[in-house]
Visitor: 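Could you have a look at this structure, given as structure tokens, before my questions?
Here is the naming used below: chain letters follow the sequence lines, and residue numbers restart at 1 for every chain.
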2 protein chains.
Amino acid sequence: MLSRRCTYGLQAALFLASQERGAYIPIQRISECLGLSFHFLTKVLQHLTHHGLLRSLRGPHGGVALARPPGQITLKEIVVAIDGPDLFEACVLGLPGCGEQKPCPLHEDWKEVRGCLRNAFAGTTLAMLVAEPERLAAWQACWTTSPDAASAHS
Amino acid sequence: MLSRRCTYGLQAALFLASQERGAYIPIQRISECLGLSFHFLTKVLQHLTHHGLLRSLRGPHGGVALARPPGQITLKEIVVAIDGPDLFEACVLGLPGCGEQKPCPLHEDWKEVRGCLRNAFAGTTLAMLVAEPERLAAWQACWTTSPDAASAHS
DNA sequence: CTGGTTTAGGACTCTTTTGTCTTTATTATA
DNA sequence: TATAATAAAGACAAAAGAGTCCTAAACCAG
């Protein structure tokens with residue numbers, strides 16, 4: 001469904017949304033908390049920075065931060081930045097010419113499912129996923145290491 | 001969303017559903033009509049045969065045929081046979097422990113989308129996609145070569 | 001200005017997916 | 001029985017995805 005790069009990007013964005021607003025967080029710390037490869041995550045986040053979804057700062061006290069308030073960043077933006085728009089636009093059967101003029105037999109049915117998908121991703125912001133204390137706790141429970149433990153270790 | 005193997009499998013199954021009921025069709029002909037690589041398609045269809053979704057027969061007048069009436073084969077069966085059940089079961093964020101006991105922040109929202117996906121694939125049979133003359137024509141328009149032209153050529 | 005910290009960028013490896021080719025086994029027909 | 005047609009099976013090549021590593025550039029603190 002989503003590439004691994006994409007799930008890493010979403011996880012990191014969600015992580016940043018759950019941290020102090022606007023703070024630069026080192027990628028090293030994100031990778032440790034989420035249990036992801038540091039170097040690989042670095043590439044994914046560089047990609048998001050190029051697409052204007054993240055800001056970055058080098059040097060001590062540097063790191064990455066959300067470029068906009070988490071309430072203004074949707075999951076769809078992140079997915080499209082990493083995996084491209086195919087998930088929300090391409091033919092399910094992978095037929096090259098499929099479209100309104102030359103619809104495949106699944107075209108009309110799939111339009112509905114695609115709408116469902118698009119609504120889910122475009123209608124969900126990062127803020128929505130960490131606003132309720134319940135969800136925030138659920139998210140933090142997914143981390144392999146707590147950020148406090150990670151910062152205490154340094 | 002779906003692997004290429006999977007889209008090839010779906011296309012071939014749909015092709016068989018639009019042919020004379022129960023007839024063995026050579027893979028060569030399928031690949032020519034759909035414009036797919038013969039050898040690669042062969043592998044995909046062997047896979048579907050192993051999973052009991054197709055029957056096959058070697059030798060002259062051999063080929064592959066649907067193992068059951070097209071009204072009793074759903075798209076979901078084909079997808080699961082080729083790509084596995086992940087699309088309909090796994091966590092969107094790719095979190096290993098995500099489930100009812102330890103839900104990720106998207107878990108509940110995603111359950112709905114997943115249901116939408118599952119309904120679409122499990123609720124659609126091959127027969128439904130070729131029953132209406134309109135859809136059948138749309139499907140045949142997707143072929144690069146007509147089966148008549150292909151058979152006339154031999 | 002120096003040294004440590006952090007992102008940026010590129011080269012490289014490993015794995016999976018995609019695709020090709022060759023050989024073998026099976027079947028129908030003449 | 002001989003021949004041609006066809007799926008089955010496996011070896012191989014090419015491309016993309018995933019992941020590692022190293023060097024450079026930027027930044028901050030002393």
Side-chain angles (χ1 to χ4, degrees), chain A residues 1-12 16 23-67 79 82-84 86-87 94 96 150-151 153-154, chain B residues 1-12 15-16 23-32 34-67 79 82-84 86-87 94 96 150-151 153-154:
Chain A
M1 173 103 224
L2 299 176
S3 71
R4 209 165 278 235
R5 293 171 70 235
C6 197
T7 62
Y8 287 9
L10 287 169
Q11 287 180 40
L16 289 172
Y24 284 97
I25 312 285
I27 300 176
Q28 182 74 50
R29 174 142 163 248
I30 305 176
S31 71
E32 280 170 7
C33 288
L34 299 178
L36 307 176
S37 148
F38 165 65
H39 291 290
F40 192 46
L41 183 61
T42 293
K43 291 234 176 130
V44 177
L45 298 190
Q46 270 176 31
H47 197 72
L48 289 179
T49 302
H50 289 158
H51 276 74
L53 290 167
L54 298 182
R55 284 176 297 137
S56 71
L57 190 64
R58 305 188 201 188
H61 305 109
V64 293
L66 296 175
V79 170
I82 299 179
D83 277 353
D86 274 10
L87 181 61
S151 61
H153 183 276
S154 65
Chain B
M1 171 105 226
L2 299 177
S3 72
R4 210 167 277 241
R5 292 171 72 236
C6 197
T7 62
Y8 287 8
L10 287 168
Q11 288 181 39
F15 182 92
L16 289 171
Y24 284 98
I25 311 286
I27 299 176
Q28 181 74 49
R29 175 140 163 249
I30 305 176
S31 71
E32 280 170 4
L34 298 178
L36 307 177
S37 148
F38 165 65
H39 291 289
F40 193 47
L41 183 61
T42 292
K43 290 227 179 139
V44 177
L45 299 191
Q46 271 176 31
H47 197 73
L48 289 179
T49 302
H50 289 157
H51 276 73
L53 290 167
L54 299 182
R55 282 176 298 138
S56 72
L57 189 65
R58 304 188 201 187
H61 306 110
V64 293
L66 297 176
V79 170
I82 299 179
D83 275 354
D86 273 9
L87 180 61
S151 61
H153 182 276
S154 67

Visitor: What is the separation between atom CG on A:D86 and atom P on D:dG17, rounded to the nearest whole Å?
Guide: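 After rounding, the gap between these two atoms is 11 Å.
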Visitor: Please determine whether side chain to side chain contact (heavy atoms under 4.5 Å, CB included) holds for the pair B:M1 and B:L87, giving the CA-CA distance in whole Å, both sets of side-chain angles, and the decisive distance to 0.1 Å.
Guide: CA-CA 8 Å; B:M1 171 105 226; B:L87 180 61; 3.4 Å; yes
Visitor: Using a heavy-atom cut-off of 4.0 Å across all strands, would you classify A:I27 as base, sugar-phosphate, or nothing?
Guide: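 A:I27: backbone/sugar contact only, no base atoms under 4.0 Å.
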Visitor: Any donor-acceptor pair under 3.5 Å linking the side chain of A:H47 with the backbone of A:K43?
Guide: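 Looks like no, no N/O pair under 3.5 Å.
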Visitor: Which of these nucleotides, C:dG19, D:dA7, C:dT7, is closest to any side-chain atom of B:Y8?
Guide: C:dG19
Visitor: Identify which nucleotide among C:dT20, C:dT5, C:dT29 has an atom closest to any side-chain atom of A:P60, counting heavy atoms from C-beta outward.
Guide: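 Looking only at heavy atoms from C-beta outward on A:P60, the closest nucleotide is C:dT5.
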Visitor: When you measure from the side-chain N and O atoms of B:S56 to the phosphate of D:dT6, is any distance below 4.0 Å, counting only OP1 and OP2?
Guide: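 Result: no.
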Visitor: Separation of A:R55 atom CZ from C:dT7 atom P, in whole Å?
Guide: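 Checked: the CZ to P distance equals 14 Å.
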Visitor: Hey, which sits more toward the 5' end of DNA chain D by its nearest nucleotide, B:G62 or B:H50?
Guide: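 Closer to the 5' end of DNA chain D: B:G62.
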Visitor: How many whole angstroms separate atom NE2 of B:H47 from atom C1' of D:dA9?
Guide: 15 Å
Visitor: Would you mind telling me which of C:dT22, D:dA8, D:dC27 lies closest to the side-chain atoms of A:L57?
Guide: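 Shortest atom-to-atom distance from the side chain points to D:dC27.
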Visitor: Taking CZ from B:R29 and C1' from D:dA5, how many angstroms apart are they, rounded to a whole number?
Guide: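 From B:R29 CZ to D:dA5 C1': 15 Å.
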Visitor: C:dT13 P sits how many Å from A:F40 CZ, rounded?
Guide: 18 Å
Visitor: Pick the nucleotide of DNA chain D nearest each of B:T42 and A:R5; which residue has the one closer to the 5' end?
Guide: B:T42
Visitor: Would you mind telling me which of C:dG19, C:dT7, D:dT20 lies closest to the side-chain atoms of B:K43?
Guide: C:dG19
Visitor: If the test is side-chain contact (heavy atoms from CB on, under 4.5 Å), which one of B:L41, B:V44, B:L36 qualifies with B:I27?
Guide: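 Of all the options given, the one that passes is B:L41.
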Visitor: Working to the nearest 0.5 Å, report the span between CD1 of B:I25 and CG of B:L54.
Guide: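 Going from CD1 on B:I25 over to CG on B:L54, the span is 11.5 Å.
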Visitor: CG of A:L41 versus P of D:dT20: gap in Å, rounded?
Guide: 11 Å
Visitor: Side chain of A:H39 only, please: which of D:dC21, D:dT6, D:dC27 is the nearest?
Guide: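 So the side chain of A:H39 is nearest to D:dC21.
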Visitor: State whether A:H61 places a side-chain N or O below 4.0 Å from either non-bridging phosphate oxygen (OP1 or OP2) of C:dT5.
Guide: no
Visitor: Does any donor-acceptor pair link the side chain of A:R4 with the base of D:dA18 at a separation under 3.5 Å?
Guide: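 Result: no qualifying N/O pair found.
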Visitor: Rounded to whole Å, how long is the line connecting atom NE2 of B:H51 with atom P of D:dA8?
Guide: 14 Å
Visitor: Whole Å only: how far is the CD atom of A:Q46 from the C1' atom of C:dT6?
Guide: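 Whole-Å distance recorded here is 12 Å.
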Visitor: Taking the side chain as every heavy atom from C-beta outward, state whether B:L66 and B:L53 have any atom pair closer than 4.5 Å.
Guide: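 No - every pair of side-chain heavy atoms lies 4.5 Å or more apart.
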